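Residue numbering restarts at 1 for every chain, and letters A, B, ... go by the order of the sequence lines. Heavy-atom basis, side chains included; hydrogens, waters and symmetry copies ignored. Small disclaimer: the values here were computed from a predicted structure and weren't measured.
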Number of protein chains: 2
Amino acid sequence: MATISKENYLKAIYLLTRENGNRISTSVLANDLCVTNAAISDMANKLSKQGFVEYKKYKGIKILSKGKKIAVDILRKHRIWELFLVETLGYDWGDVHLEAEKLEHCTTNNLIDRIDEYLNFPAADPHGAPIPNKEGNYRIQTDDTIMSECEIGKNYTVTRVNDRNSDLMNYLSQIKISLNKEIKIIDKLNFDNSIIVEIDGINHSLSEILVNNIYLKESKK
Amino acid sequence: MATISKENYLKAIYLLTRENGNRISTSVLANDLCVTNAAISDMANKLSKQGFVEYKKYKGIKILSKGKKIAVDILRKHRIWELFLVETLGYDWGDVHLEAEKLEHCTTNNLIDRIDEYLNFPAADPHGAPIPNKEGNYRIQTDDTIMSECEIGKNYTVTRVNDRNSDLMNYLSQIKISLNKEIKIIDKLNFDNSIIVEIDGINHSLSEILVNNIYLKESKK
DNA sequence: TAGTAAAGTTAAGCATACTTAAATTATTTA
DNA sequence: TAAATAATTTAAGTATGCTTAACTTTACTA
Ligand SMILES: [Mn+2]
Ligand SMILES: [Mn+2]
Ligand SMILES: [Mn+2]
Ligand SMILES: [Mn+2]
């Protein structure tokens, strides 16, 4: 059985794998989960024994299909809860992540399927992240670029934001950045990696942290 | 801080206190929580050190206001979740208790207050149990009698059922017993403590277990 | 390529929440 | 009231999931 801790480890390994490649190092995972390397080594052995991951000493952790299944299951619960909180209960998009972090572990498949149906089988969560369906398949293909790598002079649409920093998201709301918003890259400043963007005709300077947490897609028009 | 285990202990102590009187014995609590007496003694010491209960060796456990506060808080969450599952997601009343047992521990006060508002501040859960408000006060007075103590020939209304046995509740649905249903006590059989009742013009024999899990109020008409 | 720094693992220990088995206290009952 | 029985507590041990400190392996650098 996967405990709450194991569910969180598998979810983190799965998500980091998509960002950082095939094998995840102990310290990357330790940093992500805010625990010591020792805790990771310990848990990696347990997850490996249960067939959730492949773990070779000093060579990092690789998620296996059995572990991926649990990770996607938790991700589905997390994202559906986030959308439910925003859509049905009127939460701000910056306030849902922590609630979902807790709810995802005490939600049966039956319950999440009913909420999924209640929300009419949504494709994405309030931050633009894709929601896996009952079978674990994503309903939309995400095809976007991190803002830091976008090009000067082009117009983009906001497709996704990282949802872990509540303050960051509140700030985005304040300067009117939301999902599907049209923005234009005005300039990129190399000395501090900030980017000047135009939003609703107003120029804003976005810090390095900000541009590394926003994903865009080039506008068609 | 109160862990999930402590929340469950305090909730059980609180509810048993209302049934069994002021002090709860170790074995009554052990039976209710399906753990050994040793586990109860152990936890009773911890809860006592934290000021949630008063515990005197061999003399049982008494809940204190600090513990009662947590118990009522969890009860509020439990009952609001149960109602939400039935009202909003279309669950049967027999299928909500176990879901709520899990959800109640991972629900912030903010979240439950929003669901409470979404449900328009309900007074009772799907089984007729009163829902405490934000301040911990009950919105209705429960004034009912256990069916086993009702009188032959009188008409009653169903006010409440115990919600722990899913099969029992499914059976009640089957014979059309639901909240606010009008029923008449036809006969009480002393040899097996069963009761014959009339429901929708049809007579049913209800076993001892059943009549100890249904609460009634005498009809006015 | 040896030496050092960084990364990762192992060992020992702690808190929580249980268990079984032994010891103790309380309650019956003869 | 003394022995038997029942209820309860204490002791010792287990699993989980962490910690710090010590040790080992790998990577980098001169
Ligand atoms: Mn999230
Ligand atoms: Mn999200
Ligand atoms: Mn219940
Ligand atoms: Mn109930």
A:F84/B:F84 aromatic ring centres below 6.0 Å:
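Ring centroids of A:F84 and B:F84 are less than 6.0 Å from each other.
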Please confirm whether B:H97 and B:H127 have ring centers closer than 6.0 angstrom.
no
Whole angstrom value for the distance that separates [atom2] of [N] from [atom1] of [X]:
X: B:K57; N: C:dT24; atom1: NZ; atom2: P; answer: 11 Å
X: A:N45; N: C:dA11; atom1: CG; atom2: P; answer: 11 Å
X: A:Y55; N: D:dT25; atom1: OH; atom2: P; answer: 13 Å
X: A:N8; N: D:dG17; atom1: CG; atom2: C1'; answer: 12 Å
X: B:L29; N: D:dA7; atom1: CG; atom2: P; answer: 15 Å
X: A:E7; N: D:dG17; atom1: CD; atom2: C1'; answer: 15 Å

Enumerate all atom pairs, one protein N or O and one N or O from nucleotides 15-22 of chain C, separated by less than 3.5 Å.
from: C:dA17; atom 1: OP1; to: B:T3; atom 2: OG1; distance (Å): 2.3
from: C:dC18; atom 1: OP1; to: B:S5; atom 2: OG; distance (Å): 2.6
from: C:dC18; atom 1: OP2; to: B:Y9; atom 2: OH; distance (Å): 3.1
from: C:dT19; atom 1: OP2; to: B:T36; atom 2: N; distance (Å): 3.0
from: C:dT19; atom 1: OP2; to: B:T36; atom 2: OG1; distance (Å): 2.7

Got a sec, which pairs hit salt bridge (Lys or Arg N to Asp or Glu O under 4.0 Å) with one end in [range], sequence neighbours left out?
range: residues 80-99 of chain B; answer: none
range: residues 33-44 of chain B; answer: B:D42-B:K46
range: residues 134-151 of chain A; answer: A:D113-A:K134, A:D116-A:R139, A:D144-A:R160, A:E151-A:K154

Please list, for nucleotides 22-24 of chain D, all pairs of protein and nucleotide N/O atoms separated by less than 3.5 Å.
none

If you count every heavy atom of other residues, nucleotides or ligands that lies below 6.0 Å from B:K68 atom NZ, does the total exceed 12?
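It does not: B:K68 NZ has 12 such atoms or fewer within range.
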Have a look at B:S41 and say if it touches a base, only the backbone sugar-phosphate, or nothing, with a 4.0 Å heavy-atom cut-off.
base
Taking side chain as C-beta onward, heavy atoms only, is A:N37 less than 4.5 Å from A:L29?
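A side-chain contact is absent here, since even the closest heavy-atom pair is not under 4.5 Å.
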Residues 116-147 of chain A vs disulfide bond (SG atoms under 2.5 Å apart), sequence neighbours excluded, gives none
